[in-house]
Amino acid sequence: MDPTTDNAGYGGDPGAARSSLEALRAEIARAVVGQDPAVTGLVVALLCRGHVLLEGVPGVAKTLLVRALASALELDTKRVQFTPDLMPSDVTGSLVYDTRTAEFSFQPGPVFTNLLLADEINRTPPKTQSSLLEAMEERQVTVDGTPRPLPEPFLVAATQNPVEYEGTYPLPEAQLDRFLLKLTIPLPSRQDEINVLTRHAEGFNPRDLRSAGVRPVANAADLEAARASVAKTTVSPEITAYVVDICRATRESPSLTLGVSPRGATALLATARAWAWLTGRDYVIPDDVKALALPTLRHRVQLRPEAEMEGVTADSVINAILTHVPVPR
């Protein structure tokens with residue numbers, strides 16, 4: 001689906017705001033090959049003020065994807081490598097004693113940024129994982145009883161490796177539910193991998209995105225205009241009921257011990273609206289809900305052990321539900 005474009009200046013024009021976001025997606029593709037669904041997911045998360053969990057094996061450009069997004073959107077970004085010895089204060093910041101003034105002053109941590117890359121978030125203990133909960137939900141950090149607001153926009157893009165679990169601490173359901181989307185980053189196709197190697201042979205340096213031609217094509221003001229346009233996207237009562245029926249069906253599935261919460265239903269409605277707007281419509285249709293169902297819901301359900309042993313996956317359960325829940329006409 002190709003979003004409509006309208007280059008008529010930004011002053012609140014939905015077409016112009018959409019055009020800026022489409023240019024953003026195209027600009028990221030200069031650095032990241034063959035990951036269009038993940039790029040689109042990050043843009044949807046920005047539109048919805050949500051956070052993203054990126055899952056993929058090492059070397060599939062998860063970090064590069066986030067850096068390219070920040071570069072193309074002219075945002076500040078910081079990266080934290082999560083390790084077993086990382087402390088909450090290493091993320092949020094702490095009070096530091098100033099010998100010159102004989103007073104404590106707050107030293108902001110890396111969470112005070114627009115785009116935080118939490119690399120391998122499941123390698124740090126729950127105590128440090130939970131330090132992000134307030135930041136992700138309330139968009140503030142409280143240190144020594146004083147709340148400190150985070151910059152706007154603010155997005156956490158956390159990564160985890162799906163194949164190596166030794167020495168990791170799986171994210172609890174409460175924290176998984178804070179992520180708007182869980183995006184799986186697959187291995188590239190043969191042609192995409194050839195394109196990646198060709199770029200590197202021609203001198204592409206993933207640590208220098210400017211030399212790769214990635215330029216800022218949008219800014220925070222463009223993003224805010226786009227968010228305002230998304231908020232005007234119409235949702236009919238039938239679509240609302242369809243979202244609710246899908247989420248309620250997960251709670252009744254015999255393959256699941258945990259279904260989607262009302263927060264998950266709200267998230268699905270929000271992402272469907274953002275996708276509808278990106279594709280050039282000011283109203284939501286059932287296909288928008290279906291398009292975002294997997295990334296929005298897959299991390300909000302929990303499989304029964306016996307179902308998991310039989311090879312059932314969260315994605316297969318959700319796909320089956322989408323097949324059986326009646327689609328509004």
Side-chain angles (χ1 to χ4, degrees), residues 1-7 16-47 52-82 110 113-121 123 153 155-164 181-220 222-223 226 275 278-279 291 295:
M1 306 177 199
D2 293 321
T4 60
T5 55
D6 182 352
N7 297 315
R18 188 180 296 116
S19 179
S20 71
L21 269 294
E22 181 62 17
L24 175 68
R25 294 165 67 191
E27 197 68 16
I28 297 171
R30 292 177 180 269
V32 183
V33 176
Q35 299 292 0
D36 293 342
V39 172
T40 300
L42 283 169
V43 173
V44 166
L46 282 168
L47 289 172
V52 176
L53 181 62
L54 301 169
E55 186 173 88
V57 299
V60 290
K62 298 186 295 293
T63 302
L64 179 61
L65 180 61
V66 177
R67 288 181 54 243
L69 174 66
S71 182
L73 195 50
E74 211 170 12
L75 294 178
D76 181 43
T77 182
K78 290 186 174 69
R79 176 180 178 272
V80 179
Q81 181 66 50
F82 279 70
T113 186
N114 297 123
L115 231 171
L116 176 68
L117 175 60
D119 216 354
E120 295 188 294
I121 190 173
R123 289 206 174 278
L155 180 143
V156 174
T159 71
Q160 64 179 14
N161 183 344
V163 295
E164 188 181 349
L181 299 172
K182 179 182 178 181
L183 304 175
T184 55
I185 312 296
L187 289 166
S189 67
R190 180 176 182 274
Q191 187 55 53
D192 284 340
E193 195 163 0
I194 289 173
N195 292 340
V196 169
L197 267 62
T198 301
R199 287 189 181 191
H200 279 264
E202 293 171 350
F204 171 71
N205 181 1
R207 295 170 185 81
D208 184 5
L209 294 178
R210 289 301 173 92
S211 68
V214 179
R215 297 287 184 270
V217 295
N219 54 35
D222 300 329
L223 179 59
W275 178 241
L278 275 173
T279 54

Undergrad: Could you measure the distance from the OG1 atom of T159 to the CD atom of E120? Nearest 0.5 Å is fine.
TA: 6.0 Å
Undergrad: Please round to the nearest 0.5 Å and tell me the distance separating atom CG of L47 and atom CG of L42.
TA: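 CG of L42 is found 11.0 Å from CG of L47.
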Undergrad: Just checking, any donor-acceptor pair under 3.5 angstrom between side chains of R67 and T77?
TA: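 Side chains of R67 and T77: no pair found under 3.5 Å.
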Undergrad: Please identify which of these residues, T198, V196, L197, D192, meets the side chain to side chain contact (heavy atoms under 4.5 Å, CB included) condition with I194.
TA: T198
Undergrad: Given side chains that start at C-beta, do those of L75 and P153 come closer than 4.5 Å, heavy atoms only?
TA: yes
Undergrad: Give a yes or no answer on whether the side chain of D76 reaches the backbone of T113 with a donor-acceptor pair at less than 3.5 Å.
TA: no
Undergrad: Locate the shortest heavy-atom distance separating A61 from V32; write the atom from each residue and the value.
TA: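 The pair with the smallest heavy-atom distance is CB-CG1, 4.4 Å.
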Undergrad: If every non-hydrogen atom of F82 is compared with every non-hydrogen atom of A118, which pair is closest and at what distance?
TA: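 Closest heavy-atom pair between F82 and A118: CE1-CB, 3.3 Å.
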Undergrad: Hey, what do you get for CG (L24) to CG (L46), rounding to the nearest 0.5 Å?
TA: 7.5 Å
Undergrad: Distance-only, no hydrogens or angles: does the Q160 side chain make a donor-acceptor pair with backbone N or O of R123 under 3.5 Å?
TA: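 Pair absent, no side-chain N/O of Q160 close to backbone of R123.
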Undergrad: Test salt bridge (charged side-chain N to carboxylate O under 4.0 Å, His left out) on R25 and E22; report intermediate values, then the result.
TA: CA-CA 5 Å; R25 294 165 67 191; E22 181 62 17; 2.9 Å; yes
Undergrad: What distance do L53 atom CG and L181 atom CG have between them, rounded to the nearest 0.5 Å?
TA: 10.0 Å
Undergrad: Between the side chain of K62 and the main-chain N/O of A158, is any donor-acceptor distance below 3.5 Å?
TA: no
Undergrad: What distance do I121 atom CD1 and L116 atom CG have between them, rounded to the nearest 0.5 Å?
TA: 8.5 Å
Undergrad: Quick one: salt bridge (charged side-chain N to carboxylate O under 4.0 Å, His left out) pairs with a partner in residues 29-38, sequence neighbours left out?
TA: E27-R30
Undergrad: Locate the shortest heavy-atom distance separating V214 from A68; write the atom from each residue and the value.
TA: CG1-O, 4.2 Å
Undergrad: Determine the minimum heavy-atom distance between V217 and D222, stating which atoms define it.
TA: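 Residues V217 and D222, closest heavy atoms: O-OD2, 4.4 Å.
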Undergrad: Taking all non-hydrogen atoms of both residues, which atom of L21 and which atom of A226 are closest, and how far apart?
TA: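 Heavy atoms only, the tightest pair is CD2-CB, 3.7 Å.
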Undergrad: Can you name the residues that form a salt bridge (Lys or Arg N to Asp or Glu O under 4.0 Å) with R79, not counting sequence neighbours?
TA: D119
Undergrad: Which pair of heavy atoms, one from A38 and one from L183, lies closest together, and at what distance?
TA: O-CD1, 3.6 Å
